[in-house]
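One structure is given below, encoded as structure tokens.
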Amino acid sequence: MNLSSPPASSASSHPLAPYGWDAGWESEFAPHAERGLLPGRVVRVDRGQCDVVTPGGVVRADTEFVVPRDPMRVVCTGDWAALDPEGGDPRYVRTLLPRRTAFVRSTSSKRSEGQILAANVDHAVVAVSLAVELDLGRIERFLALAWESGAQPLVVLTKADLVADAVGLSYLVQDVETTAPGVPVLPVSALTGDGLDVLAATVAGGTSVLLGQSGAGKSTLANTLIGADVMDVRHNRDVDGKGRHTTTTRNLLVLPGGGVLIDTPGLRGVGLYDAGNGVGQVFAEIEGLAERCRFQDCGHDSEPGCAVLAAIDAGELPERRLESYRKLVRENQWIAAKTDARVRAEIRRDWKRKGAEGRAAMQAKRGRWH
Ligand code: GDP
Ligand code: ZN
């Protein structure tokens, strides 16, 4: 019987293991290792270059490779790269390992091309403040964005200390759970420490990002996870290739309790992305019902045989869910329209039809009143 240790153990003792290196990355990297290339994870991107943490320390590298000007081909924080083992400063990134997940922003510019904000994220932690009234629609958007990236979302209800009674808190958790099928919902308080151990244990298994509105408590959560002031921890002292100590600012941090946190300015300001598939996952029950509508292109408006409207009538589907679904679908169409002329034409036709209907309705009303 062969009792030699499995290959996973070599990945877990690898110097990059705290950065998320595992048996999967090791086998992806194997052909590059054969070519003598060095593995590394991108911890920061700025001014067309990046900092990559390698087994020997942080090195400076170029961000563009393979296909220049293709934004999907530009290195971003969280990427695993294969670098030249030595040489110039910056080094060349020879290739990237295929991304497991990616957060993509459709830019607000006219040329609506995606911009990668973070790669290889396992957990998307959506911070939602309990200090203000829950906005379930907003939570749904963040969840759509998270699902679209490929990461597993987790809703963290922050500032739980501000909700005095436990029953009230459990109702809020239930509300969010109903809105977020398949998503864990965790109330936490940075003040009392409630829930933080569960959060730390969750994020310990992989790479996480914090999403959420400004004021939701993201910085506070980051600080508690890191166990110190983020800005201090971010300024790591590294030994560069020439043996000098350098100070680098990182957007990818190793957590003391295990796991990695990516926190880039782009992710902080995140709004709604092109989340077509994500919408379907957030509204799985609506899309499920829609399959039973009589018409395949049912708008769930007033069509005969509409299974979605039937579910609302039967009290099985809250009307608010359908409204959020419509809104999210509309916004996704809007983003898609920036690139897709066909969708643009469809939307214009829809506006015209709605405009005509609106005018007709107004005239009918006037007719009644006068
Ligand atoms: P960010 O904008 O999402 O990074 O939010 P911050 O982390 O800056 O937090 C916004 C505000 O909420 C700050 O004034 C924090 O002190 C406060 N805050 C954060 N977490 C908690 C908490 O658990 N309880 C209470 N009461 N306040 C909190
Ligand atoms: Zn329908």
Check whether any side-chain heavy atom of [X] lies under 4.5 Å from a side-chain heavy atom of [Y], and answer yes or no.
| X | Y | value |
| --- | --- | --- |
| D194 | P187 | no |
| E285 | E316 | no |
| L16 | P39 | yes |
| R320 | T179 | yes |
| D122 | T101 | no |
| N120 | I262 | no |
| L210 | V156 | no |
| T202 | V198 | yes |

Can you name the closest pair of heavy atoms from [X] and [Y] and give their distance?
| X | Y | value |
| --- | --- | --- |
| V52 | A61 | CG2-CB, 4.1 Å |
| G168 | V163 | C-CG1, 4.3 Å |
| A190 | L196 | CA-CD1, 4.0 Å |
| V59 | L83 | CG2-CD1, 3.4 Å |
| V75 | V42 | CG1-CG2, 3.2 Å |
| C298 | E303 | SG-CB, 3.7 Å |

### Task
Linking directly or through intermediates, with side-chain heavy atoms under 4.5 Å: list the remaining ILVMFWY members grouped with F295, chain and number order.
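Result for F295 is none, singleton.
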#### Entry: Side-chain donor-acceptor contact under 3.5 Å, T207 with R41
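Side chains of T207 and R41: pair found under 3.5 Å.
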Would you say [X]'s side chain and [Y]'s backbone share a donor-acceptor pair under 3.5 angstrom?
| X | Y | result |
| --- | --- | --- |
| H14 | A23 | no |
| D22 | G24 | yes |
| T158 | A216 | yes |
| K218 | A127 | no |
| R91 | P85 | yes |

#### Entry: Heavy atoms from other residues, nucleotides or ligands near CD of E86 exceed 12 (cutoff 6.0 Å)
no
### Message
Does Q174, at its CD atom, have more than 12 non-hydrogen atoms belonging to other residues, nucleotides or ligands within less than 6.0 Å?
### Response
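It does: Q174 CD has more than 12 such atoms within range.
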Roughly how far, to the nearest 0.5 Å, is [atom2] of [Y] from [atom1] of [X]?
| X | Y | atom1 | atom2 | value |
| --- | --- | --- | --- | --- |
| L38 | F29 | CG | CZ | 6.5 Å |
| N251 | L117 | CG | CG | 11.5 Å |
| R141 | L143 | CZ | CG | 12.0 Å |
| L37 | D84 | CG | CG | 6.5 Å |
| I139 | L134 | CD1 | CG | 5.0 Å |
| L96 | C76 | CG | SG | 8.0 Å |

### Task
Go through the steps for L97 and H32 under the test side-chain contact (heavy atoms from CB on, under 4.5 Å), then give the verdict.
CA-CA 10 Å; L97 300 189; H32 308 301; 3.7 Å; yes
### Query
Does R100 count as lying over the ring of W80, i.e. NZ or CZ under 6.0 Å from the six-ring centre, within 45 degrees of the axis?
no
### Task
Can you sort out the partners of R60 under salt bridge (Lys or Arg N to Asp or Glu O under 4.0 Å), two or more places apart, ordered by chain and number?
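Result, salt bridge (Lys or Arg N to Asp or Glu O under 4.0 Å) vs R60: D46, D51.
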### Message
Applying salt bridge (Lys or Arg N to Asp or Glu O under 4.0 Å), can you list everything that pairs with R138, at least two apart in sequence or on another chain?
### Response
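Applying salt bridge (Lys or Arg N to Asp or Glu O under 4.0 Å) to R138 gives D135.
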### Stepwise side-chain contact (heavy atoms from CB on, under 4.5 Å) test for L130 and L162
CA-CA 7 Å; L130 288 172; L162 298 178; 5.7 Å; no
### Task
Could you walk me through whether L255 and V260 pass the side-chain contact (heavy atoms from CB on, under 4.5 Å) test, one step at a time?
CA-CA 6 Å; L255 301 173; V260 169; 6.0 Å; no
### Task
Dump the intermediate steps for side-chain contact (heavy atoms from CB on, under 4.5 Å) on L253 and D263, then the final yes or no.
CA-CA 8 Å; L253 301 161; D263 182 14; 5.6 Å; no
